[in-house]
Q: 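If you scroll down you'll find the structure; I have some questions about it.
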Amino acid sequence: MKSIFTLLKANIRYKKGAFTSIALLMMIITFSFSGTVSNNDNLERAFLDSLENYEIGDLIVTVHSSDADELIEKSERSIHVKKAHEEQRIAVNTDIESEGKTLSAIFRIACFDSRVRVFDEDIKGYRENVIPENGEVYLSYAFAKSSNLTIGSELMIKTSSGDEKFKVAGYTEDPVYGSGTIIAEHLFVSPDDYERISEKADNEDSAFRCLEKISMIHIMSTGDMELSKLPGVLNRECGLIDKAVLYIDKDELSENIMYYSAVGTKLLAVFVILLTGVVIIMIHNSIKSSLELEYVNIGILKSQGFTVWQIRMVYVIQYTAALIIGTAAGIIVSFPLVSTLEKSFIQLTDILTTGDISVLKCTGMAMVIVLVCIVSVVISSSGISRVSPVRAINGGHEDIYFTGRTNFRIRKNGINFYLSLRQLVSCRASNAGTVLITAILVFFMISISIFSKSIDSGVLTSDYLNVRAVFSAFSNFEYSDTDII
């Protein structure tokens, strides 16, 4: 074993370029999937925690407030429903302006309570014991960023009985309407303001009501069926969906929140697979060239009693060490990457995540890649068994530098060009690997550039300017020209 490690140190010193390159590639692979996978896990955990904090149901059905009590009673009779509860809202069926600009979204006024999470100034945590004052409004951070609203911005709600003015006092975490893929938005106001606006909604007699009382019914499923089938079953049993204005289940909410992260993960998955192929090609070419250049030395080692597997273990340990070092470095580098992703994704999802790394999952994925590469090392080093000690001692095999089938004549004038041309048509595997590496890096840079631009709220998020919500006594609610990704 000591002799193997002696050979290993000499081989790493001699092949330090290949060793370093493979370690760097493995670091890039590891921190790529480590960052995206960890961000996925953090976002999912934070989203589920937020749903629990806000007591969000498995199915959320929005109805007229006058129908809420009857529908809740009928729903709770179903064997598929564990319980149901109501949250009152006021639908705003008129324009909301800020600094002369009309904000395009479906707004719902909600009463601020102790469950509402308000972000701190750095958007790294939550403020404690927040008590809103009259005239203050809290809205989602994602919507504020996409609408260029800041703390202190003024909102004006136009109603038939006079304008309501509010000042933005903070940003909230909203797991239901906070995502950029949702065109609705909660406006959290103080209890006094909510009661006053609620009375104004009761007193409206016009055909087109600027303010409309609605209720969000949260239905907790018993879990005995898929959530996608629950609305149809409840509609047959009690006509719930027929009287609904809107409805959405928890799975759909999750898809909305996880959409951006899922896109990034799939994109990086393709990159990781391709880059793993590049690592395998590099290992194969490195071992192949090493066997050709070290033919005599390998033959001498075999003549001195070294077995094929002893010599092969030098390559196995060498490249395994490079891969493990790259894995460890990649996980370390992924810590700042996750923090960067956290800051970017909160503008899209409105969910505050932690910067934790899914070490076990990422290490497991890295070990799978390492095992695949080790298998490729074993296969690529099979040429060791064909090295003849007798031939090696007698001078070894003939050196081959140009192995291409097309032999271009080397001319004195322009000798560098002709040597390069001969080299290009030789070593096809090495040149193909170089082309593949270049293509993958270009593909990755272009893809990341596109995805980074997509994170801009004007690309992937809902295009609020192309959304028109029409409320007519709230019974003729419809969307038109909706553009949501």
Side-chain angles (χ1 to χ4, degrees), residues 23-53 117 119-126 140-142 145 171 173-175 178-181 254-276 323-370 441 444-445 447-457 459-461:
L24 286 174
L25 282 173
M26 190 61 189
M27 183 189 73
I28 294 173
I29 292 173
T30 304
F31 94 78
S32 297
F33 69 69
S34 178
T36 53
V37 168
S38 298
N39 183 66
N40 252 13
D41 292 344
N42 292 337
L43 182 57
E44 185 175 2
R45 284 194 300 267
F47 173 64
L48 293 176
D49 177 69
S50 187
L51 289 180
E52 183 178 355
N53 172 74
R117 290 175 170 176
F119 296 127
D120 58 22
E121 294 182 0
D122 298 326
I123 318 296
K124 293 182 178 180
Y126 306 109
S140 72
Y141 179 68
K145 291 293 291 184
Y171 308 126
E173 181 179 83
D174 188 350
S179 172
T181 56
S254 179
E255 289 176 4
N256 290 330
I257 292 293
M258 301 298 295
Y259 173 79
Y260 304 101
S261 184
V263 170
T265 300
K266 291 175 181 178
L267 178 65
L268 265 297
V270 174
F271 172 71
V272 166
I273 292 172
L274 293 177
L275 203 56
T276 301
L323 293 167
I324 291 176
I325 291 173
T327 298
I331 291 178
I332 293 173
V333 173
S334 62
F335 278 94
L337 175 64
V338 170
S339 298
T340 302
L341 289 174
E342 177 186 350
K343 294 177 182 178
S344 299
F345 275 87
I346 194 173
Q347 300 180 31
L348 306 172
T349 63
D350 202 50
I351 300 295
L352 180 63
T353 61
T354 60
D356 298 335
I357 299 294
S358 302
V359 177
L360 292 179
K361 182 182 291 188
C362 296
T363 302
M365 295 173 66
M367 288 302 103
V368 171
I369 296 176
V370 170
L441 292 177
F444 178 68
M445 288 188 291
S447 300
I448 292 299
S449 176
I450 293 173
F451 186 67
S452 298
K453 290 181 180 179
S454 298
I455 290 182
D456 188 331
S457 60
V459 179
L460 274 183
T461 55

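Source: prediction; values computed, not measured.
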Q: Heavy atoms only: give me the nearest F47-I351 pair and the separation to one decimal.
A: N-CG2, 3.9 Å

Q: To the nearest 0.5 Å, what is the distance between CD1 (I257) and CD (E44)?
A: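 One gets 12.0 Å once the value is rounded to the nearest 0.5 Å.
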
Q: Okay, side chain of S34, backbone of F31: is any donor-acceptor separation there less than 3.5 Å?
A: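 Judged by distance alone, no pair lies under 3.5 Å.
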
Q: Taking all atoms of both residues into account, what is the closest heavy-atom pair of N39 and E342, and its distance?
A: OD1-N, 4.2 Å

Q: Under the salt bridge (Lys or Arg N to Asp or Glu O under 4.0 Å) rule, collect the residues that match up with D120, sequence neighbours excluded.
A: none

Q: Measure the CG-OG1 distance between D41 and T36 for me, rounded to the nearest 0.5 Å.
A: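 Answer for the CG-OG1 pair, D41 versus T36, is 9.5 Å.
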
Q: Evaluate the side chain to side chain contact (heavy atoms under 4.5 Å, CB included) criterion for residues I346 and F119: first the C-alpha distance (whole Å), next the side-chain angles of each, then the deciding distance (0.1 Å), finally the verdict.
A: CA-CA 11 Å; I346 194 173; F119 296 127; 4.0 Å; yes

Q: Quick one: does any side-chain atom of D350 pair with a main-chain N or O of D174 as donor and acceptor, under 3.5 Å?
A: yes

Q: Please name the pair of heavy atoms, one in S358 and one in V37, separated by the smallest distance, quoted to 0.1 Å.
A: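 Answer, listing the atom of S358 first, then V37: OG-O, 4.4 Å.
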
Q: Kindly determine whether I369 and F33 satisfy side chain to side chain contact (heavy atoms under 4.5 Å, CB included), including the steps that lead there.
A: CA-CA 12 Å; I369 296 176; F33 69 69; 3.8 Å; yes

Q: Quick one: closest heavy-atom pair of C362 and S38, and the distance?
A: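 Shortest heavy-atom separation between C362 and S38 comes out as SG-OG, 3.9 Å.
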
Q: With rounding to the nearest 0.5 angstrom, report the CG to CD1 distance, L268 to I273.
A: 11.0 Å

Q: From Y171 OH over to L352 CG, what is the distance, rounded to the nearest 0.5 angstrom?
A: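 Nearest 0.5 Å value for the OH-CG distance: 15.0 Å.
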
Q: Do the side chains of R45 and D356 get nearer than 4.5 Å, heavy atoms only?
A: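 Answer yes - side chains close enough.
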
Q: For T353 and F345, run side chain to side chain contact (heavy atoms under 4.5 Å, CB included): C-alpha distance rounded to whole Å, both residues' side-chain angles, the deciding distance at 0.1 Å, then the answer.
A: CA-CA 9 Å; T353 61; F345 275 87; over 6 Å; no

Q: Going from OG1 on T30 to CG on L25, what distance comes out if it is rounded to the nearest 0.5 angstrom?
A: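 The CG atom of L25 is 10.5 Å from OG1 of T30, to the nearest 0.5 Å.
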
Q: Looking at every heavy atom in both V338 and I357, which two are closest together, and how far apart are they?
A: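 It is CG2-CD1, 3.3 Å.
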
Q: Show the numbers, then the answer: is there a side chain to side chain contact (heavy atoms under 4.5 Å, CB included) between T363 and T327?
A: CA-CA 8 Å; T363 302; T327 298; 5.5 Å; no

Q: Of all heavy-atom pairs between M26 and V370, which one has the smallest distance, and what is that distance?
A: CE-CG2, 4.1 Å

Q: Is any side-chain heavy atom of Y126 less than 4.5 Å from a side-chain heavy atom of E173?
A: yes

